[in-house]
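Down below is the structure, laid out as structure tokens.
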There are 2 protein chains.
Amino acid sequence: MTTQMMIELIAVLTAVRDDVPQVMTIDHGRLLPSGPLESTHRSLQAGVRAWVERQTGHPIGHVEQLYTFADHDRLLGAEQGRMIAISYLALTRSHAGETGWRDWYDYFPWENCKTDAGRDCLTIIERLLCKWVAGMDNAAVRVRQWQRCVTLFAIGDMVAWNDELVLQRYELLYEAGLVAEAGCTPESTVPGRAMHHDHRRILATGMARLRAKIRYRPVVFELMPEEFTLLQLQRVMESLSGVHIHKQNFRRLIMQQQLVEETGGIEEHTGGRPARLYRFCGEVRQARYLAGTKIPLAQP
Amino acid sequence: MTTQMMIELIAVLTAVRDDVPQVMTIDHGRLLPSGPLESTHRSLQAGVRAWVERQTGHPIGHVEQLYTFADHDRLLGAEQGRMIAISYLALTRSHAGETGWRDWYDYFPWENCKTDAGRDCLTIIERLLCKWVAGMDNAAVRVRQWQRCVTLFAIGDMVAWNDELVLQRYELLYEAGLVAEAGCTPESTVPGRAMHHDHRRILATGMARLRAKIRYRPVVFELMPEEFTLLQLQRVMESLSGVHIHKQNFRRLIMQQQLVEETGGIEEHTGGRPARLYRFCGEVRQARYLAGTKIPLAQP
DNA sequence: GCTATTTATGCTCATATTGAGTATAAGCCG
DNA sequence: CGGCTTATACTCAATATGAGCATAAATAGC
């Protein structure tokens, strides 16, 4: 009855470079950093850190658990028992061009609504989903699924785009047969890079978690350099969420929450008036850290 | 190097009975329902459902993953490899007095700030924590730990009580040696029932997750009967969060979000004017479901 | 030097949301 | 009937939010 299991640790390691969110990959972008839990690992987190740091050389800041999977897809041999995958979200500061980093939006172009490429991709998806539901026999099912498409992809502006529904959107596209999870279908009809196994889905889970978390916890600062201007901070937030932010309101909210303090330094090369430099000071203000953070994320 | 693992599934099954949140236990309240993942289970969720329904007879509504643990405390024998525990939060409607149900606040009396018993417990904790930090050598550490106590337990009204920090509070008490996790220390100085292994900690994780989730997703309705009055709904929310809610504002927010619709029925025996009965209608309004829910949770 | 352009930063204003309270309705109990 | 309870509608002030105007201070082109 009871079977022994193999445990695999998988990391969605994210950094932001030149205002583009990136994820660490191996195998030419087809796999996330991952490896089996070993007896030398003192804990699951330690195991993830070991695997990731072996591949990047970076110390990782924030690490948090994402999800534990054990689908029947993940069966090993009949006698060997099942494979269980424990996934983690890890954040690190900007890197100096090591290999393995790939843009988030290479895998999920439709999630980058800020850019023309993202909007074009959404147009394609809209048409394909329309065709998908049109081909359904049952009218009630057709209506319900179209409703789902409309809310998830904000079709027709009836509903606002919700940037946190990365996973739900991916799963809808997967159900509709518009993405190839295993990468073995070269005629995948929606733009975007595929990954092996369910790694693309795990990446979606990590993106969704991070987009949700930056709204109420000051985790963005794990991705920022020691000193930064407020516009740099805003650009990072925007690139992660894929949504525009009203500049003046963003500053207002950041300042009034006292998450940052001036370093006294000035960034000269802004292309305009020089900007003040700030540093994160929420670590010491533990009260505020636990109380949570608010970020204004407006619609395009 | 790579070791095989035993997987244990653990459920924090919650229901609300007579406005008191309860958790399903076994072994006279000393363990959460749990059992090993078996090869007959089609998925992890299915395994949890199987274990829980075997013990309660109830169909469970909402099930969501909480956390996966693999502490070194959880070692089996040297050769047998480690034990991994995957915990789940499960919700079910009110039950008719089966055995095994225990009040949340038997284990965490201090989390029930609404009641006098809860406030008394907090007074005791405040004194004990004060003594704990006073006994520290390093002044800097003492200040930092006292700051932590103040923010987590809202000591001295400098910070508002945050009902979601159940786990952080428990871990602080544990660090301070004020609770006995294994239940083998009869002289545990803080009120509250103990559990075996780390089950009390897992319960804390579940409580924290549920308290956080009811604020932005309509999961409360999983705990409600088919028809209910708005006061009944409010009482359930209050008992889960352990915090008072302003009645009129609560109604306003629930109504304007259109999460419920009138059934046309009337609850006569309210002790005052009869109340209208409502039912949850958010399942059909998927847009609103995905968009999220807001609940006003004020301070005492 | 002057002007257009760019970014930084301060401030205003209408609107929406929230917290708190008042007022009235409609049942029960003695 | 008056006194109690709960239900429900509405008001009002304080805050928060979304959107925009205005000014400051740099650079680039002429």
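All values below come from the heavy atoms of this structure, side chains included, with hydrogens, waters and symmetry mates left out. Order of the sequence lines fixes the chain letters, A, B, ..., with proteins taken first and strands second; residue numbering starts at 1 for each chain.
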For Glu268(B), report the nucleic acid contact type (base, sugar-phosphate, nothing); a contact means any heavy atom under 4.0 Å.
nothing
Under 4.0 Å between a Lys/Arg side-chain N and an Asp/Glu carboxylate O for Asp163(B) and Arg215(B)?
yes
Exam field: side chain Arg209(A) to backbone Gln65(A), donor-acceptor pair closer than 3.5 Å:
yes
Starting from C1' on dT8(D), measure out to CD1 on Ile266(B) and report it in whole angstrom.
12 Å
Looking at Arg276(A), I'd like to know whether one of its side-chain N or O atoms comes within less than 4.0 Å of OP1 or OP2 on dT9(C).
yes
Between dT15(D) and Gln256(A), counting only base atoms on the nucleotide and side-chain atoms on the residue, is there a donor-acceptor pair under 3.5 Å?
no
Whole angstrom value for the distance that separates C1' of dT8(D) from CD of Glu267(B):
16 Å
Calculate the interatomic distance between Glu238(B) atom CD and dT6(D) atom C1'; express it in whole Å.
14 Å
Residue Thr270(B), side-chain heavy atoms: nucleotide from dA8(C), dA7(D), dA19(D) that is nearest
dA7(D)
Side chain of Arg252(A), base of dG18(D): donor and acceptor closer than 3.5 Å?
yes
Could you check how far CZ of Arg251(A) sits from C1' of dG20(D), rounded to whole Å?
16 Å
Could you state the atom-to-atom distance from CZ of Phe228(B) to P of dT6(D) in whole Å?
20 Å
For the residue pair Arg169(A) and Trp161(A), would you count it as a cation-pi contact if the rule is NZ or CZ under 6.0 angstrom from the ring centre and within 45 degrees of the ring axis?
yes
What is the distance, to the nearest angstrom, from the OH atom on Tyr278(B) to the P atom on dA7(D)?
11 Å
Under 4.0 Å, counting only non-hydrogen atoms across every strand here, what does Leu231(A) touch: a base, just sugar-phosphate, or nothing?
sugar-phosphate
Test item: side-chain donor near acceptor, Arg251(B) and Gln248(B), under 3.5 Å
no
From the list dG20(D), dT8(D), dA7(D), which nucleotide is the closest neighbour of the side chain of Gln248(A)?
dG20(D)
Will you find, in the side chains of Arg235(B) and Gln232(B), an N or O donor that is under 3.5 Å from an N or O acceptor?
no
Would you kindly compare His269(B) and Pro274(A) by the position of their nearest DNA chain C nucleotide and give the one closer to the 5′ end?
Pro274(A)
Phosphate OP1/OP2 of dG10(C): any Arg273(A) side-chain N/O under 4.0 Å:
no
Could you check how far CD of Gln234(A) sits from P of dT6(C), rounded to whole Å?
17 Å
Provide, to the nearest angstrom, the distance between the CG atom belonging to Asn249(A) and the P atom belonging to dA16(C).
16 Å
Can you find a side chain N or O atom of Lys247(A) that sits less than 4.0 Å from OP1 or OP2 on dT7(C)?
no
